[in-house]
Participant: 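One structure is given below, represented as structure tokens, and several questions about it will come after.
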4 protein chains.
Amino acid sequence: MVKGSVRKARKEARPAEIVEAAFQEFAAKGFLGARVEDIAARLGVTKGTVYLYFPSKEVLFAAVLDTFGAQMRRETDDHVAELHGDVAERLEQLIVHLNVSSASDQRLRSLLVLSIAERERFPEVIERQFRATVDHAAELCLSLLQEGAAAGVFHAHVASRNTALTLVSPCLWLVLSGVMHPNEPSDVDGFVAQQLRLLRDGLFREPSAPSL
Amino acid sequence: MVKGSVRKARKEARPAEIVEAAFQEFAAKGFLGARVEDIAARLGVTKGTVYLYFPSKEVLFAAVLDTFGAQMRRETDDHVAELHGDVAERLEQLIVHLNVSSASDQRLRSLLVLSIAERERFPEVIERQFRATVDHAAELCLSLLQEGAAAGVFHAHVASRNTALTLVSPCLWLVLSGVMHPNEPSDVDGFVAQQLRLLRDGLFREPSAPSL
Amino acid sequence: MVKGSVRKARKEARPAEIVEAAFQEFAAKGFLGARVEDIAARLGVTKGTVYLYFPSKEVLFAAVLDTFGAQMRRETDDHVAELHGDVAERLEQLIVHLNVSSASDQRLRSLLVLSIAERERFPEVIERQFRATVDHAAELCLSLLQEGAAAGVFHAHVASRNTALTLVSPCLWLVLSGVMHPNEPSDVDGFVAQQLRLLRDGLFREPSAPSL
Amino acid sequence: MVKGSVRKARKEARPAEIVEAAFQEFAAKGFLGARVEDIAARLGVTKGTVYLYFPSKEVLFAAVLDTFGAQMRRETDDHVAELHGDVAERLEQLIVHLNVSSASDQRLRSLLVLSIAERERFPEVIERQFRATVDHAAELCLSLLQEGAAAGVFHAHVASRNTALTLVSPCLWLVLSGVMHPNEPSDVDGFVAQQLRLLRDGLFREPSAPSL
DNA sequence: TATGAATGAGCGTTCATTCAT
DNA sequence: CATGAATGAACGCTCATTCAT
């Protein structure tokens, strides 16, 4: 009983371990730059072992994206399910959450990097991946904007995809900033506070300024 | 004599031609995926010729980033020099320009992609590159925000880097969107109009809503 | 007890089963092309099991050749022991038998293929093997030719190895044909009948034609 | 002029050199056993060079078979064109030629070996190859048999493919013998003389013996 | 200045073999 | 007796780089 279960547990855990290690290597070096041998070395095994579980580097890469893409989407959805309060409060919570995740989640950074860098080599996987993260976030935003507009809380014209994308865009900056300067943590709190303030007050001291 | 000067012209034009061809290959395939032979083939020469002007693929890559990074920066600066009108008008013009460039300039897309994909392999070159584009745009924005705040046109608190980054962020979306779906052109005009409207009116129908 | 003897029977039968399965794989794919895992899979066991009975793929291959080579030789000898009638009748029976075996016995084909393909890798084993089949058949023929010549039934000069080889050669064609076109069964009956007729009548209408 | 022609000559000669070297390696070790590096080493170059001329080991193998198959067929046809004398004389000359070639031509041996060993891996190439050698020889024989039968020189029934194959079969023995025992040269002259004698006189001292 | 044949280090992948269970 | 996860040597193929022409 116990005898078999040790190996079995190992075997069942391996694919996830490999995907995790591969994620790190791919994120750091890109698809071509990552060596299967180095992925294996992260687990303390040799490259042959990787091929026991994945038939090729390509398939492994796709598994990495699918695994973490699904994971990110699930986590976002879980968070959305917990939003509470009126529509303005919920939108604020969503924006804060997206900003905080973008700034702090290493996986998100890596996914974006890989999606951009390898889009030509794995178009379908990455398309799926991209829809599951950036597009998905925009859609969540859009729902709340529509709800708020319908309730008369927001201006009617903000119930648009363009607004949703505008609200989500600062997260791209956070992700990008994390990618380019991983050692200079962003001031997320200040950043998101400023975003919310802009949304509330706009740029101008005089409300409904004529120009711009 | 004439022959000589044709040759000379050729010789002097070659590095730039090679950098241009290399840019296209690198943008399409990444640093590792691009073959020196294919870069040469774009010019109708053979790979040996590339090595007459650049000692290695690495150096060529750095030259590509530096050349186009400087080019982009110069173009942005040139545009900024032509801004006119009051501060609000100039900010609007800048935002429109950044959005339009981000949506339509293939070189911008490629630079961002390469910067992200190869950041680990060429950290210094890309750091420089990144500062010359994204950071630079944010700084230009910030100047105008500070000017507007000082003049009392904008809220005082918007004279911050965080605001500048927020304003610039939608451009990242446009670049990203162009990278991921090059065949589905974005609705830049509608997108930028919505950004400007949000900046003017904020989200809420009731000005100065208490929460958010 | 009963369980034990079942196991024992299993254990004793295993080497033969493995050799049989290996023969099929080797015949189909060659020594290098055959995978130990596939040999094992034919028996419904895993590759570790093969190594319980054979220390290496090489040894297994040698066992395959020796086993089936001996088997073929034994079957030929058994048949020869049953030949009856006068020497001409016995020679005819032998020729028919060799032809029919060559055309119909899959094992013979496989042995010849393996002998030819792997002769450099296993020179001794295959030398043995070859002597046990082709050379052996020629020797059996030669005995009968010598007996017939001594009895004055055949021309004296046919009591030679060269004649024996000539008589045996058509079998090579049948084997080869079966190897190359396994789905186009040869017309063995017509083929052997024609061989016998040639042996009886020669090529020419005028007996003892002067030339040729 | 001279400058370029040295390299050009080299380049034009290379494919043939590589095919020749590859033929030797493939014949000795089989397709899987032959290493591209060893093929290159026979020419004093490195494996990269082989790939300048052939895109893969598979293609190189096919080129080897096609090159030498065509070569053998051409040589046989050339010889047939020079046959002279009456039909019996020409048949004799053809048989002698086929026997001598089979015994002495290393290329023929290698082709047969490769055809047999790699038939599953390269079915079409080898089918073509086989038709160009063995089948082709039988057809040449058949033509003469038909001519002789029509002329009333040979028995009518020998104008059959079965007879042709019977006449050609001893060549298979010579080829096979050369493959298996390259250091024991066959007694071709005696062997072929015996074949011809059998064809003329048959086996029996009494012409038209009743049985067999 | 330009060529392109040649090099050789490097990596993806396979598979015979081992051994802890 | 049997398993099958793990190993690691081997090989096909690629491509940046060199250099004789």
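Throughout, a chain's letter reflects where its sequence line sits, starting with A, and its residues are numbered from 1.
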Participant: Kindly indicate whether the side chain of B:Ile39, heavy atoms from C-beta on, has any atom under 4.5 Å from the side chain of B:Leu60.
Facilitator: yes

Participant: Can a side chain N or O of B:Thr49 be found less than 4.0 Å away from OP1 or OP2 on E:dA2?
Facilitator: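 Checking E:dA2 against B:Thr49, no side-chain N or O comes under 4.0 Å of OP1 or OP2.
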
Participant: Any side-chain N or O of D:Tyr53 under 4.0 Å from OP1/OP2 of E:dA5?
Facilitator: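 Negative; the distance criterion is not met.
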
Participant: What one-letter contact string describes nucleotides 9-14 of chain E from 5' to 3', where B marks a base within less than 4.0 Å of any protein heavy atom, S marks contact via sugar-phosphate atoms alone, and - marks no contact?
Facilitator: BBSSBB

Participant: Please report the distance, rounded to the nearest Å, between NZ in D:Lys29 and C1' in F:dC11.
Facilitator: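 To the nearest whole Å, that distance equals 13 Å.
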
Participant: Identify the heavy atoms of A:Tyr51 and A:Ser56 that sit nearest to each other, and give their distance.
Facilitator: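 A:Tyr51 and A:Ser56 have their closest heavy atoms at CE2-CA, 4.0 Å.
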
Participant: Which residues pass the side-chain hydrogen bond (donor to acceptor under 3.5 Å, both in side chains) test with A:Arg35, sequence neighbours left out?
Facilitator: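 For A:Arg35 the side-chain hydrogen bond (donor to acceptor under 3.5 Å, both in side chains) partners, ignoring immediate neighbours, are A:Glu37, A:Asp38.
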
Participant: Please state how far atom CZ in D:Phe54 lies from atom P in F:dG12, giving the value in whole angstrom units.
Facilitator: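 In whole Å, F:dG12 P and D:Phe54 CZ are 16 Å from each other.
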
Participant: What is the distance from CD1 of B:Ile39 to C1' of E:dT3, rounded to the nearest Å?
Facilitator: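 Atom CD1 in B:Ile39 sits about 18 Å away from atom C1' in E:dT3.
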
Participant: Round to a whole Å and report the spacing from CD1 of B:Ile18 to C1' of E:dT3.
Facilitator: 14 Å

Participant: Using whole Å, what does the distance between atom C1' of nucleotide F:dA5 and atom CZ of A:Arg14 come to?
Facilitator: 8 Å

Participant: Over all heavy atoms of both residues, which pair between C:Ile126 and C:Leu114 is shortest? Give the atoms and the distance, please.
Facilitator: CD1-O, 3.7 Å

Participant: What is the distance, to the nearest angstrom, from the CG atom on B:Asp38 to the P atom on E:dG4?
Facilitator: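 Going from B:Asp38 (CG) to E:dG4 (P), I get 15 Å.
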
Participant: Taking all heavy atoms of A:Val19 and all of A:Val64, pick out the closest pair and write down the distance.
Facilitator: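 Shortest heavy-atom contact: O-CG2, 3.6 Å.
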
Participant: With both distances kept under 3.5 Å, what pairs with E:dG4, Watson-Crick or G-U wobble?
Facilitator: F:dC19

Participant: Is there a side chain to side chain contact (heavy atoms under 4.5 Å, CB included) between C:Leu112 and C:Val179? Walk through the geometry before answering.
Facilitator: CA-CA 9 Å; C:Leu112 191 68; C:Val179 168; 5.9 Å; no

Participant: Tell me: CG of B:Leu43 to C1' of E:dT3, nearest whole Å?
Facilitator: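 Computing the B:Leu43:CG to E:dT3:C1' distance gives 15 Å.
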
Participant: May I ask you to decide if the ring planes of A:Phe61 and A:Phe31 are parallel, tilted or perpendicular, using 30° and 60° as cut-offs?
Facilitator: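 Answer is perpendicular, since the angle exceeds 60°.
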
Participant: Let me know, please, whether C:Leu52 or A:Gly44 comes out on the 5' side of the other along DNA chain F by nearest nucleotide.
Facilitator: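 Comparing both residues, the 5'-ward one is C:Leu52.
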
